Amino acid sequence: MFHKELEDYTGRLLEVDRFRDYCPNGLQVEGSRQIRKIATGVTASLSFLEKARDEGADAVFVHHGYFWKSEDPSIKGIKRKRIALLIESGISLFAYHLPLDAHPEIGNNARLALRLGFSIDSRFGNQGIAMLGKVWNPASAEEMAERIGNSLSRKPAIFGDKSKVIKSIAWCSGAAQDYLLEASSLGADAYLSGEISEQTVHEAEESGTVYICAGHHATERYGIQALGEHLASAFSVEHVHIDTDNPI
Ligand SMILES: [Zn+2]
């Protein structure tokens with residue numbers, strides 16, 4: 001199959017036109033080959049691309065692609081190396097950012113809920129990407145952190161009252177620590193995201209909403225993987241997920 005067909009299908013599936021984003025969603029670098037095998041990963045880093053090439057992938061699908069609004073648009077340095085590898089290997093790069101966070105079934109936040117045992121009751125935050133729900137088996141913040149660590153293969157750090165029993169929870173994958181106070185105003189006992197800032201510690205202590213810092217990479221592995229599985233079952237393409245671990 002060809003990149004245009006895959007791009008049209010995925011664009012409709014993830015409703016990319018509904019989102020205002022900081023990067024282009026869809027085909028970012030066009031490869032030369034017909035697509036028989038796709039590789040998925042969180043970030044289109046050089047080591048991820050090398051592994052995808054060695055796996056014989058014709059296209060890669062990632063959550064973090066290139067051409068972010070805030071970055072220097074020149075193709076030099078590490079960006080040149082990455083794009084050169086793609087073009088020389090004839091590999092297409094597809095990237096999906098906010099639409100992949102938000103999708104109700106295969107999105108990062110929906111997959112986190114499924115994996116961590118949360119119901120999805122409502123949404124909040126920028127374009128409704130963050131979610132609010134209940135913990136199926138309420139437990140103390142400390143026990144929750146243990147559970148989440150086992151499920152995501154990365155032990156989270158917790159801030160605020162560690163003995164608090166967590167019944168309602170809000171979450172947003174990636175670097176969405178700034179939604180903590182909004183989550184608190186919505187009545188969440190805890191808020192989970194991937195990264196932390198200096199003020200997040202004070203906000204957790206003073207708002208009464210526990211902050212669970214579970215890792216940017218660790219919270220964003222599952223959406224892109226679900227997308228790859230979906231595309232492999234919808235089309236006759238092979239799929240491999242490549243987890244190039246990142247401690248942040
Ligand atoms: Zn991210």
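Order of appearance sets the numbers: ligands from 1, and atoms from 1 within every ligand. Because only heavy atoms are used, hydrogens play no part in the values below, and waters and symmetry mates are left out as well, while side chains stay in. Keep in mind that this is a model prediction, so the values were computed, not measured.
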*Pick one: which of Ser207, Cys172, Cys213 meets side chain to side chain contact (heavy atoms under 4.5 Å, CB included) with Tyr191?*
Cys172

*Using atom types as modelled and distance alone, determine if a side-chain donor or acceptor of Asp58 lies under 3.5 Å from a backbone N or O of Lys37.*
yes

*With a distance cut-off below 6.0 Å to the six-membered ring centre and an angular limit of 45° from the axis, does Arg82 pair with Tyr66 as a cation-pi contact?*
no

*Determine which of the N, O or S atoms in Glu220 is closest to the Zn ion (ligand 1) and give its atom name.*
OE1

*Given atoms NE2 of His64 and NE2 of His216, what angle do they subtend at the Zn ion (ligand 1), to the nearest 10 degrees?*
100°

_Asp101 N/O/S atom closer than 2.8 Å to the Zn ion (ligand 1)_ = no

*Examine distances only and state if a side-chain atom of Ser140 and a backbone atom of Ser163 form a donor-acceptor pair shorter than 3.5 Å.*
no

